[in-house]
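Notes follow the structure.
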There are 2 protein chains.
Amino acid sequence: MLHDPTQLDLMFQALADPARRQMVDRLSRGPASVSQLAEPLAMSLSAVVQHLNVLEASGLVRTEKLGRVRTCQIEPQALRAAEHWINERRLAWERRLDRLGDFLAETNDES
Amino acid sequence: MLHDPTQLDLMFQALADPARRQMVDRLSRGPASVSQLAEPLAMSLSAVVQHLNVLEASGLVRTEKLGRVRTCQIEPQALRAAEHWINERRLAWERRLDRLGDFLAETNDES
DNA sequence: ATAATAGTTAAGTGATTGCTTCAGTATTAC
DNA sequence: GTAATACTGAAGCAATCACTTAACTATTAT
């Protein structure tokens with residue numbers, strides 16, 4: 001579940017759009033309604049709702065409707081999953097570089 | 001340069017495709033040629049080259065051609081930039097939750 | 001009851017994606 | 001020189017994207 005490839009597709013796809021990243025950025029400072037998310041964006045409310053649906057489908061954002069206002073929150077576990085995928089690959093690469101450095105240092109010592 | 005929004009667009013877009021993530025995963029274990037990247041993928045070599053161009057344009061991968069073989073490497077700085085963007089938002093959210101927890105604990109002490 | 005607010009849904013449109021095939025160009029092997 | 005290898009580039013195509021407008025449904029305020 002933590003490593004579902006299609007979930008990663010959805011999360012990275014969601015983060016690939018600047019409007020959606022701006023929404024996530026806003027939500028990182030606290031919950032917000034749809035209108036509050038829309039306010040700084042130069043597009044229709046309808047477009048914002050569609051972006052929000054993408055974010056919700058990706059698992060990055062969770063929403064709850066009370067009365068007529070829908071309140072949105074970040075889902076930190078999803079952010080952590082995306083972060084983790086990248087981090088593992090970067091660390092694998094860097095560990096490989098370290099081993100290579102050790103090897104070169106050793107073979108130099110034997111000269 | 002580290003926080004160029006269009007660079008983040010390109011990086012997250014690049015990571016949104018499972019074939020491209022598989023290529024990055026392969027490269028995290030060491031450099032590879034185009035054919036080596038293509039080998040586990042069920043698509044034409046031409047398609048792989050197109051994916052590779054996306055990865056290169058995003059800055060996640062750097063390539064160098066020697067003779068007729070193009071060798072590909074991960075660019076860890078780019079991975080770090082994507083990782084960092086996510087991490088900052090997640091930490092902002094979690095710090096906020098901590099402050100909220102502290103506040104609730106304090107107001108409870110005053111009962 | 002009426003009106004304003006907050007959001008939802010559907011249809012349409014032009015641009016972009018993720019492939020394909022086919023026809024190339026260098027480079028290396030025989 | 002001929003052939004095999006390792007890509008490269010262009011054209012085409014169906015599907016998806018990021019919007020728009022317009023019509024709609026709830027909920028709250030007066």
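A note on names: the letters A, B, ... follow the listed sequences, proteins ahead of strands, and every chain is numbered from 1.
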Expected string for nucleotides 23-30 of chain D under the B/S/- scheme (protein heavy atoms, under 4.0 Å, primed atoms plus P, OP1, OP2 as sugar-phosphate) is ----BS--

On a heavy-atom basis, the closest approach of B/Ala81 and B/Met11 is CB-CE, 4.0 Å

Secondary structure of DNA chain C in dot-bracket form (Watson-Crick or G-U wobble, distances below 3.5 Å, | marking inter-strand pairs)
||||||||||||||||||||||||||||||

Determine: side-chain N/O of A/His51 to OP1/OP2 of D/dC17, distance under 4.0 Å, yes or no.
no

Which atom of A/Val34 lies closest to which atom of A/Val48, heavy atoms considered:
O-CG1, 4.2 Å

Across all chains, not counting sequence neighbours, the salt bridge (charged side-chain N to carboxylate O under 4.0 Å, His left out) partners of B/Glu39 are none

Could you tell me which non-hydrogen atom of A/Gln13 sits nearest to which non-hydrogen atom of A/Arg20, and how far apart they are?
O-NH2, 3.1 Å

Can you list, by residue number, the residues of residues 38-50 of chain B that have a non-hydrogen atom closer than 4.0 angstrom to DNA chain C?
B/Met43, B/Ser44, B/Ser46, B/Ala47, B/Gln50

Check the distance between D/dA6's P and B/Leu52's CG and give it to me in whole angstrom.
16 Å

So which atom in A/Trp85 and which in A/Leu8 form the shortest heavy-atom distance, rounded to 0.1 Å?
CD1-CD1, 3.5 Å

Taken in chain and number order and not counting sequence neighbours, the residues that satisfy salt bridge (charged side-chain N to carboxylate O under 4.0 Å, His left out) with B/Arg90 are A/Glu83, B/Glu94

For DNA chain C, whose closest nucleotide is more 5', that of A/Gln13 or that of A/Lys65?
A/Lys65

What is the minimum heavy-atom distance between A/Leu79 and B/Ile86, and which atoms define it?
O-CG2, 3.4 Å

Over all heavy atoms of both residues, which pair between B/Ser58 and B/Leu55 is shortest? Give the atoms and the distance, please.
OG-O, 2.7 Å

Do A/Thr71 and A/Glu64 pair up side chain to side chain, a donor and an acceptor below 3.5 Å, judged on atom types alone?
no

Whole-Å distance, B/Asp17 CG to D/dA15 C1', equals 14 Å

Measure from the side chain of B/Arg70, starting at C-beta and using heavy atoms only, and say which of D/dA6, D/dT8, D/dC19 lies closest.
D/dT8

Any donor-acceptor pair under 3.5 Å linking the side chain of A/Arg62 with the backbone of A/Glu75?
no

Separation of D/dA18 P from A/Met23 CE (nearest whole Å)
12 Å

Residues in salt bridge (charged side-chain N to carboxylate O under 4.0 Å, His left out) with B/Arg68, at least two apart?
none

What is the separation between atom CG on A/Leu55 and atom P on D/dA18, rounded to the nearest whole Å?
11 Å

